[in-house]
Amino acid sequence: MTSLDPEHFIFVTQVYFCDPLPSSNHSPEDIVAMYAVVIWDWIISLPREYRFVWRTHWTPVKIAYLFCRYWVITVVPYLLYCFVVDHPLATCEKIFRIPVALAMWNQVGSQSVLLIRTYAFFNRNVYILLFLLTALSGVIAYQLYVDTTQMLLLPFTAPHSGMGPCLPRSKPHSAHLLGFFVRPSIFK
């Protein structure tokens, strides 16, 4: 493994987040601090959000925006739990797909905002709407396919300990996990 291999970067990330040495494992306070950054970002923008979003009438775009905004705040604690805390192998085998499935819905929310705005831009053309809904359905189907069949659990950096973070990886000779995050960009 050279320093330019993707496996090296994943290894470095895994060692940083969940070093197998007991003295360097992240504490619950570290996880709270990481989540505090997410909450801090939300708090500093809350006055503008209140003025520009909450005080306006309800529209499909407003609903999609609020879903995107609050979905992340809701799921980040679980993502940190999966990716930062050491877990036994049996637990990781059960939960490593869940964070990717949760990430999918945030992407669907942001794509919904773009879909609604594009539909409006094209003067509410039904054919454009059908095309965009078909494209979004294809993206969702692909992401569900990747999440359910194309991921494996990334081996722990210290396999003898039997503990580590629950990080996914692509199956060998497959780029589907990368495609999971790149494919929605093509839709945009």
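- Here the straight-line distance linking atom CD of Q150 with atom CG of L144 works out to 13.0 Å at 0.5 Å rounding.
- Between P168 and V100 the shortest heavy-atom distance is CG-CG2, 3.8 Å.
- Residue C68 comes nearest to N106 through the heavy atom pair O-OD1, 3.2 Å, listed as atom of the first residue, atom of the second, then distance.
- Using a 4.5 Å cut-off between side-chain heavy atoms of Ile, Leu, Val, Met, Phe, Trp and Tyr, with links allowed through other members, W40 and V72 fall into different hydrophobic clusters.
- Of the possible polar contacts, none joining the T149 side chain to the V146 backbone as a donor-acceptor pair under 3.5 Å is found.
- Scanning all heavy atoms of the two residues, the minimum distance from C92 to G164 falls at SG-O, 3.7 Å.
- In this structure, CD1 in I63 is found 11.0 Å from OG in S112, a value given to the nearest 0.5 Å.
- Under the 4.5 Å side-chain heavy-atom criterion for grouping Ile, Leu, Val, Met, Phe, Trp and Tyr, V76 is not connected to V37 through any hydrophobic cluster.
- A pairwise comparison of heavy atoms in F83 and P99 identifies CZ-CB, 3.4 Å as the closest pair.
- In this structure, L115 and L129 have side chains that are in contact, with non-hydrogen atoms separated by less than 4.5 Å.
- In terms of hydrophobic clustering, with Ile, Leu, Val, Met, Phe, Trp and Tyr side chains grouped at heavy-atom distances under 4.5 Å, V53 and I44 are assigned to different clusters.
- Residues R169 and P155 are in side-chain contact: their nearest non-hydrogen atoms beyond the backbone lie under 4.5 Å apart.
- Rounded to the nearest 0.5 angstrom, R51 CZ and L46 CG are separated by 12.0 Å.
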Subject >> Audit row: R97, T148, side-chain contact (heavy atoms from CB on, under 4.5 Å) steps and yes/no >> reply: CA-CA 7 Å; R97 286 185 168 92; T148 57; 5.5 Å; no
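- The only option from Y65, Y70, W71 that meets the ring-ring contact (aromatic ring centres under 6.0 Å, His included) definition with F67 turns out to be W71.
- With rounding to the nearest 0.5 Å, the separation of OH in Y119 from CD1 in I116 is 10.5 Å.
- Nearest heavy atom pair, residue C82 against residue I95, reads SG-CD1, 3.7 Å.
- Inter-residue side-chain proximity for Q111 and V139 is flagged as met; some heavy-atom pair is nearer than 4.5 Å.
- With hydrophobic clusters built from ILVMFWY side chains whose heavy atoms lie under 4.5 angstrom apart, L133 shares a cluster with V108.
- Ring-plane geometry between Y145 and Y142 is classed as tilted, the angle between the planes lying from 30 to 60 degrees on a 0 to 90 degree scale.
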Original post:
When you look at L66 and K62, which way does the side-chain contact (heavy atoms from CB on, under 4.5 Å) test go after all the steps?
Top reply: CA-CA 6 Å; L66 291 172; K62 180 178 179 175; 4.0 Å; yes
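- Contact annotation: the side chain of L152 approaches that of P172 to within less than 4.5 Å [non-hydrogen atoms, C-beta and beyond].
- A donor-acceptor distance shorter than 3.5 angstrom exists from the side chain of H87 to the backbone of Y81, with no hydrogens or angles considered.
- A101 and W105 make their closest contact through O-CD1, 3.2 Å (heavy atoms, listed as atom of the first residue, atom of the second, distance).
- Tested against L132, the residues L130, I128, T134, L136 include a single side-chain contact (heavy atoms from CB on, under 4.5 Å) partner, I128.
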